[in-house]
Amino acid sequence: MTAVQKQQQKPKTAITPTREENFPEWYQAVVKAADLAENSLTRGCMNIKPYGFALWENTQRALDDKIKEVGVQNAYFPVLIPLSLIAKEADHIDGFATECAVVTHHRLSKNAEGKLAPDPDSELTEPYVVRPTSETIIGESVKNWIQSYRDLPLKLNQWGNVFRWEMRTRVFLRTAEFLWQEGHNVFETADEAREDMKKMLDIYADILENWMAIPVIKGYKTEDEKFPGAVETMTVEAMMQDGKALQSGTSHFLGQTFSKSADIKFQSRDGNIEHAWTTSWGLSTRSIGGLIMTHGDDDGLKVPPKIAQIQVIIIPFLKGDNDDSIVDYCKTLKQNLKSQGVRADVDMRELRAGDKTWDWVKKGVPIRVEVGGREMDAGQVTVTRRDLGKESKTTMSVDEFVAQAQSTLDDIQSNMFETAKKSVMDRIHDVDAIDAARTFFAGNGNGFVRMDKTLWGTNEFNALCDEFSLSPRCIPLDTPDKVIVGKSY
RNA sequence: CGAGAUGUAGCGCAGCCUGGUAGCGCAUCUGGUUUGGGACCAGAGGGCCGGGGGUUCGAAUCCCUCCAUCUCGACCA
């Protein structure tokens, strides 16, 4: 086989299949190639690997800072919820009943075949539900923390995991167990609670757009898409490269639904006993899936600098001559970048430089720096931006690079957002009638349609949704007389 | 839970139709030559062929039956 033949056989892209060829398979391939996560031995669950978990940690850190700025305190409640307690709110349990894992025994023992099994003598008098969300247990708990209007508002957040027994799972996008934060705030008045719902949604939009560089549409959920038990649900909807929607964060005005079922009461300013008004709000590891499907390309992941574990990866090109001095040069560069607040690392693995390069391309590190004898002798570095690809490869003085590194990262961050934003905006199609929407989706249209809100709920509308597996995504804040419709994850 | 597909080495796959001692590529390990966008040569290690049952002298291969995974639905963040 000649070198040319071999070259032709080699895939042109690091990821196969390409997005165009098969988007769902491409997604799986990126998760694997970037070493983010894998399917767990536990059905429907994922093992989040260190490089993937770092993305979550950085998102988590940014979000945690922001919610604390608005007076939210972190707390923790148990993963097991007494069945009777979660069953107290009718709409809520109707929404979750079909996907609850239930704990019924408290001990294992060997059965007749000598196999370990739940001990029949250890059956619980009351089963526990593995939390699918914590409105009920938090409500039942905090009612004892609140007596007076002076105890309000009470703003609590829990970082944790929840479990929903899903029929069909997909890494990050829909797993039986996922990580998230769930905020649960309690207020004196309905107005305060409604404002809080909006405020927390704004924080989600901020995190998604300015940290993860995922453009979102803020809006209200339609009646049929609301959280079970909510009076109003707000959402931040993102659009993936295949045109499907990803609900990326939700914030709920729960009215007095849960304060009545849990009896959360307080003595008001004029001495009356009143039920409180509550909100809840959540953002999950699903957002990592959104990050992949918003920014990834046929060479793998692209990570926005603000949440990248490694912002600049330095790859030494060693030939055996001046190896020690090249390594020193790289380490000095790393230190200089760190002193500029840049998260940098030198790839010292015993691999060929070309292999390292591809590895970091697939992992989406924002900036790659190549350093060999040539650069070292000239006091230079060769720099490639992941967002712009290999065409962006340039050689510049090392001092100049270090001085500009932070602003280059800022530029990558905003370029990734603007690119994604334009792509989303170009794929929101205004239609004046159901037929126009049908034409769009029948032609395999990629994206959302935006139509008059009054069309929602009509027979024609429902038929359209059935025909193309569509759902109303939201009633956008900026066009409150319209509804956005699309396929979704 | 419906429809379709797939389970063979760490990963990706061939072999199955037409039963006869387990193969290929990548990865791993050894040695050597190399080195600026996925190197090359030589050698080596690594498998209850998803589980269980059946047919057969003999099963990765045929039959039954579980289980798991993936894609598309329904349900959902």
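Protein chains get the first letters and strands the later ones, always in sequence-line order, with residue 1 at the start of each. These numbers come from the heavy atoms of this one structure, side chains and all, not from hydrogens, waters or symmetry mates.
Residue A:Lys362 is in base contact, counting any heavy-atom pair closer than 4.0 Å across all strands shown. Nucleic acid contact for A:Phe178: base, since at least one base atom lies under 4.0 Å from a heavy atom of the residue. If you check every strand for non-hydrogen atoms under 4.0 Å, A:Arg170 touches sugar and phosphate atoms only. Among the protein residues, A:Arg43 comes within range of the sugar-phosphate backbone only, with heavy atoms under 4.0 Å from sugar or phosphate atoms but none that close to a base. Counting any heavy atom pair closer than 4.0 Å across all strands shown, A:Leu173 reaches a base atom. Within the 4.0 angstrom heavy-atom criterion, base atoms lie near A:Gly373. Within the 4.0 angstrom heavy-atom criterion, no nucleotide atom of any strand lies near A:Thr250.
In this structure, of B:rG38, B:rU35, B:rG37, it is B:rU35 that holds the atom nearest to the side chain of A:Lys319. Picking from B:rA39, B:rG38, B:rC72 the nucleotide with the shortest atom distance to the side chain of A:Pro24 gives B:rC72. Nearest nucleotide to the side chain of A:Asp355, out of B:rG37, B:rG38, B:rG36: B:rG38. Among the nucleotides B:rG12, B:rG38, B:rA74, the one closest to the side chain of A:Lys32 is B:rG12.
Under the 3.5 Å distance criterion, with hydrogens and angles disregarded, a donor-acceptor pair is assigned to the side chains of A:Glu237 and A:Thr235. Using a 3.5 Å distance cut-off with no hydrogens or angles, the side chains of A:Glu135 and A:Thr133 do pair a donor with an acceptor. A side-chain N or O of A:Asn210 and one of A:Asp206 form a donor-acceptor pair less than 3.5 Å apart.
Pairing partner, B:rU61: none, since no Watson-Crick or wobble contact has both distances short of 3.5 Å. When both distances must be under 3.5 Å, the Watson-Crick or G-U wobble mate of B:rC1 is B:rG73. When Watson-Crick and G-U wobble pairs are counted only if both distances are under 3.5 Å, B:rG38 pairs with no nucleotide at all. Here B:rC16 sits opposite no nucleotide as a Watson-Crick or G-U wobble pair (both hydrogen-bonding atom distances under 3.5 Å). In this structure, B:rU55 makes no Watson-Crick or G-U wobble pair, since no nucleotide meets both defining distances under 3.5 angstrom. In this structure, B:rC26 forms a base pair with B:rG10, meeting either the Watson-Crick or the G-U wobble geometry with both donor-acceptor distances under 3.5 Å. Pairing for B:rC49 is absent, with no Watson-Crick or G-U wobble pair whose two atom distances lie under 3.5 Å.
Taking the ring centroids of A:His184 and A:Phe258, they lie at or beyond the 6.0 Å cut-off.
Nucleotides B:rU33 and B:rG15 are separated by 41 Å at their P atoms, to the nearest Å. Comparing the C1' positions of B:rG23 and B:rA14 gives a spacing of 7 Å, expressed to the nearest Å. Comparing the same atom, C1', in B:rC16 and in B:rA60 gives a spacing of 7 Å after rounding to whole Å.
Remark: A:Phe317, A:Leu318 in residues 304-318 of chain A come within less than 4.0 Å of RNA chain B through at least one heavy atom.
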Mind running side chain to side chain contact (heavy atoms under 4.5 Å, CB included) on A:Val216 and A:Tyr204 for me, showing each step along the way?
CA-CA 9 Å; A:Val216 294; A:Tyr204 288 158; over 6 Å; no

Evaluate side chain to side chain donor-acceptor pair (under 3.5 Å) for A:Thr382 paired with A:Glu375, printing each intermediate quantity in order.
CA-CA 7 Å; A:Thr382 295; A:Glu375 283 85 357; 2.5 Å; yes

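Dashed line: the shortest gap from a side-chain N or O of A:Arg352 to OP1 or OP2 of B:rA39 is under 4.0 Å. Side-chain N/O atoms of A:Gln28 include none lying less than 4.0 angstrom from OP1 or OP2 on B:rU69. OP1 or OP2 of B:rA74 lies within a sub-4.0 Å distance of a side-chain N or O belonging to A:Ser469. A sub-4.0 Å separation between OP1 or OP2 of B:rC70 and a side-chain N or O of A:Asn39 is present. Remark: A:Arg168 is not in phosphate contact with B:rA74, judged by side-chain N or O atoms under 4.0 Å from OP1 or OP2.
The shortest distance between side-chain heavy atoms of A:Trp281 and A:Ile203 does not fall below 4.5 Å. Looking only at side-chain heavy atoms (C-beta outward), A:Met197 and A:Tyr220 come within less than 4.5 Å of each other.
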